[in-house]
Trainee: 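Supplied in C-alpha cells, the structure appears directly below.
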Amino acid sequence: MEYVTSVLGYEDFSGLTRFISIAIITVCLAILNYSGLEIVGNASIIVCILAMSPFVILTIVGIPKVVPSRWLQMPEEPDDALFDDDFQTSSGPLPLLTLGGILWRPYLNNLFWNLNSFDSAGCFAGETSDVHTTYPRGIFIGLIMSVLSYVIPVLIAVGATDYEQADWEDGHLGTVAVDIGGKWLGMWTIFAAAISNLALFEAEMSSDAFQLMGMAERGILPKIFSTRSKHGTPTAGICFNTMVIIAFSCADFGQLLELLNSVYAISLLLEYAAFVKLRLYNKEMHRPYRIPVPDWAAPLVVLPPTLGVLLIFALSNWFVYIFCAGALLFGFVVFKLSELCKRKGWLEFETKQSNFKYDVAPVGSPRLTNGDTEYHDDDEAEIPDSSSSSNSSGSDEEDDEAETQPRNEDKTPMKIV
C-alpha cells in the first residue's frame with residue numbers, strides 16, 4: 001500500500017481508509033492462495049521475472065556511471081532522525097550500538113528480515129515431488145539469487161549516485177532508478193518492488209497455512225486445521241492467517257519488523273537445536289537430504305547463525321523482550337488448553353499410530369495431494385516397527401535396530417507432515 005500511495009501521490013494515507021484498503025488486499029490475496037499451490041507457484045515465477053528485470057537493466061545501465069570510491073564512504077555520525085518513532089532507537093540491556101556511524105540494531109533487523117524464511121520451504125516438503133533433489137536445489141538457487149539481487153543493485157545504486165544517507169528512505173531506490181535510467185525505469189522499479197511484496201505474501205501465507213495443517217496432522221492443533229479445500233490447500237489455516245494479518249495491519253511496519261524478528265529468531269534457535277540433536281542421537285534415521293558434514297560437526301554448522309541471532313537479541317530494546325515473553329506465555333497457554341481439550345473431548349484431534357518413533361519419509365515416500373496419497377515412484381514407504389523394542393530386554397543395539405528396521409509385511413504409507 002505504501003508503494004501504491006507513493007505512486008498516486010497520497011501523502012497522508014492512514015486511519016480507517018488505510019485499514020480497509022489493506023484488509024481488502026489481504027482478503028483478495030488469501031482467495032488466490034486458497035486456489036492452490038500450483039497457481040501460487042506459477043504466479044511467483046512470473047512475479048520473479050517482472051521483479052528482477054528492472055534491476056538487471058539498472059545494473060547494465062548503471063555500471064558505466066559507478067564511482068567505486070563511493071562504496072567506502074561512511075557517515076560521520078549516526079542520524080536517528082531517520083526513524084519517526086522512539087521504538088527503533090530506544091535502548092535495552094545494551095545501549096544503542098553505533099559503530100562507523102551506523103545504527104546497528106535497525107540495520108541488523110532489516111538485514112535479518114530481508115534474508116530469512118528459507119526454512120519456510122520445509123512446510124511444502126509433503127507437496128513436493130522428489131523432495132530429496134528438488135528441495136536442496138531450490139534452496140541453493142534461491143540463496144544465490146537472493147544474495148545477488150541485493151548486493152549487485154545496491155552496489156550500482158550507491159556507486160552511480162551521490163545521495164546522502166538521510167536520503168535513503170522507503171521507495172528511494174525508485175528515485176535512484178530515475179537518475180540512472182530515466183523515469184520509465186523508476187516507475188518499473190516501484191512496480192516491481194510492489195508486486196514482489198505480493199509474491200512474498202503468497203509464499204508466506206502458504207507456508208504458514210501448511211505448517212498449521214502439519215501441526216494438526218500430528219495432533220498438536222485441533223483436527224479442523226488439517227482440513228483441505230477442493231484445491232488441496234489448508235482452508236482453516238488460510239482463514240486463520242488472514243484474520244491475524246488484518247488484525248496486525250493497524251501496527252507500524254517498522255515496529256512489526258523488529259517484534260516479529262524476535263519470535264522468528266526463537267524458532268530458529270529451536271530448529272538449530274533440533275538439527276544438532278537429530279544428527280547426534282538419530283544418526284541412522286533416513287533423511288531425504290543430508291547436509292554433507294560429519295555428525296560431530298553439526299554444532300559448528302549452526303554456531304555462526306546462532307551467534308547472529310543472539311547478537312540481535314542482545315541489541316534489542318525492552319519492548320522486544322516483553323513481546324517475546326508474552327509470545328512464549330501465549331504459546332504455553334495454548335498448548336495447555338489444547339491438552340485440556342483433548343482430555344475433555346471438547347475438540348477433535350488427529351491421533352497418531354503409537355509405533356511412530358519419528359515421522360520422516362524416505363525417498364520414494366508418499367506425497368499427499370488433495371487429501372489422497374500418491375507415491376513419488378513405485379516404492380512404498382514402510383513404517384518402522386518399534387514393537388520388538390518394547391518387548392525386548394536386550395542391549396541398546398537391539399533397541400536401535402528395532403527402531404530403524406522396516407517391517408516388511410506392513411505397507412501402510414506414512415504421512416508427510
Side-chain angles (χ1 to χ4, degrees), residues 1-4 22 24-59 112-153 173-174 188-214 228-235 237-242 244-246 249 253 257 260 264 289 367-370 416:
M1 279 306 304
E2 289 182 355
Y3 280 114
V4 172
I22 293 179
I24 292 175
I25 292 178
T26 301
V27 172
C28 292
L29 294 177
I31 293 175
L32 177 62
N33 204 282
Y34 172 84
S35 301
L37 274 181
E38 185 174 357
I39 294 178
V40 173
N42 293 334
S44 297
I45 294 175
I46 297 175
V47 169
C48 178
I49 297 174
L50 293 176
M52 295 294 293
S53 52
F55 296 102
V56 174
I57 297 175
L58 175 71
T59 301
F112 183 71
W113 184 80
N114 278 283
L115 296 174
N116 64 20
S117 291
F118 279 90
D119 56 327
S120 297
C123 299
F124 305 117
E127 312 298 315
T128 305
S129 299
D130 300 322
V131 66
H132 60 291
T133 56
T134 304
Y135 184 83
R137 185 185 300 122
I139 289 293
F140 291 142
I141 295 176
L143 174 63
I144 295 173
M145 290 184 63
S146 295
V147 173
L148 294 180
S149 64
Y150 277 108
V151 173
I152 295 179
L173 201 57
W188 193 0
T189 302
I190 292 177
F191 172 75
I195 63 172
S196 67
N197 282 325
L198 302 183
L200 173 63
F201 179 98
E202 295 291 0
E204 191 73 20
M205 170 72 82
S206 297
S207 65
D208 291 347
F210 274 96
Q211 186 174 21
L212 292 175
M213 185 187 72
R228 289 176 179 253
S229 69
K230 61 180 180 180
H231 306 288
T233 49
T235 306
I238 292 175
C239 294
F240 178 79
N241 283 320
T242 301
V244 171
I245 292 170
I246 292 176
S249 63
F253 177 74
L257 184 146
L260 297 182
Y264 178 75
Y289 174 77
R367 175 169 61 92
L368 297 180
T369 304
N370 294 333
I416 301 180

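Quantities reported herein were computed from a predicted structural model and do not represent experimental measurements.
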Trainee: Answer yes or no: is there a side-chain heavy-atom contact under 4.5 Å between Tyr264 and Asp119?
Mentor: yes
Trainee: Write down the atom of Gly142, the atom of Phe118, and the distance for their closest heavy-atom approach.
Mentor: C-CE2, 3.9 Å
Trainee: Do Met213 and Thr233 touch side chain to side chain, with heavy atoms closer than 4.5 Å?
Mentor: no
Trainee: Between CD1 of Ile24 and CD1 of Ile246, what distance do you get to the nearest 0.5 Å?
Mentor: 10.0 Å
Trainee: How long is the gap from CG on Leu50 to CH2 on Trp188, to the nearest 0.5 Å?
Mentor: 8.0 Å
Trainee: Heavy atoms only: give me the nearest Ala209-Gly237 pair and the separation to one decimal.
Mentor: CB-C, 3.9 Å
Trainee: Please check if the side chain of Ser149 supplies one atom and the backbone of Ser146 the other of a donor-acceptor pair under 3.5 Å.
Mentor: yes
Trainee: So which atom in Pro153 and which in Leu148 form the shortest heavy-atom distance, rounded to 0.1 Å?
Mentor: CD-O, 3.4 Å
Trainee: Side-chain contact test, heavy atoms from C-beta onward, threshold under 4.5 Å: evaluate it for Glu202 versus Val47 and give yes or no.
Mentor: no
Trainee: Any idea which heavy atoms bring Arg228 and Thr235 closest together, and the distance?
Mentor: C-OG1, 3.9 Å
Trainee: Atom CD1 of Ile245 and atom CD1 of Ile25: how far apart are they, to the nearest 0.5 Å?
Mentor: 12.5 Å
Trainee: Compare every heavy atom of Phe210 with every heavy atom of Gly232, then report the nearest pair and how far apart it is.
Mentor: O-CZ, 3.9 Å
Trainee: May I ask you to test the Tyr135-Val131 pair for a side-chain heavy-atom distance under 4.5 Å?
Mentor: yes
Trainee: Can you tell me how far CG of Asn33 sits from OG1 of Thr26, rounded to the nearest 0.5 angstrom?
Mentor: 12.0 Å
Trainee: To the nearest 0.5 Å, tell me how far Thr134 OG1 sits from Ile139 CD1.
Mentor: 11.5 Å
Trainee: Using 0.5 Å steps for rounding, measure from the OG atom of Ser206 to the CD atom of Gln211.
Mentor: 12.5 Å
Trainee: Kindly write out the residues that satisfy ring pair (Phe, Tyr, Trp, His ring centres under 6.0 Å) with Phe55, not counting sequence neighbours, or none if the list is empty.
Mentor: none
Trainee: Are a donor atom and an acceptor atom from the side chains of Asn114 and Tyr150 found within less than 3.5 Å of each other?
Mentor: yes
Trainee: Do the non-hydrogen side-chain atoms of Asn241 and Leu212 ever get within less than 4.5 Å of each other?
Mentor: yes
Trainee: I need the minimum non-hydrogen distance between Ser117 and Glu204, along with the two atoms involved.
Mentor: OG-OE1, 3.8 Å
Trainee: Side chains of Val40 and Ser44: closer than 4.5 Å at any heavy-atom pair?
Mentor: yes
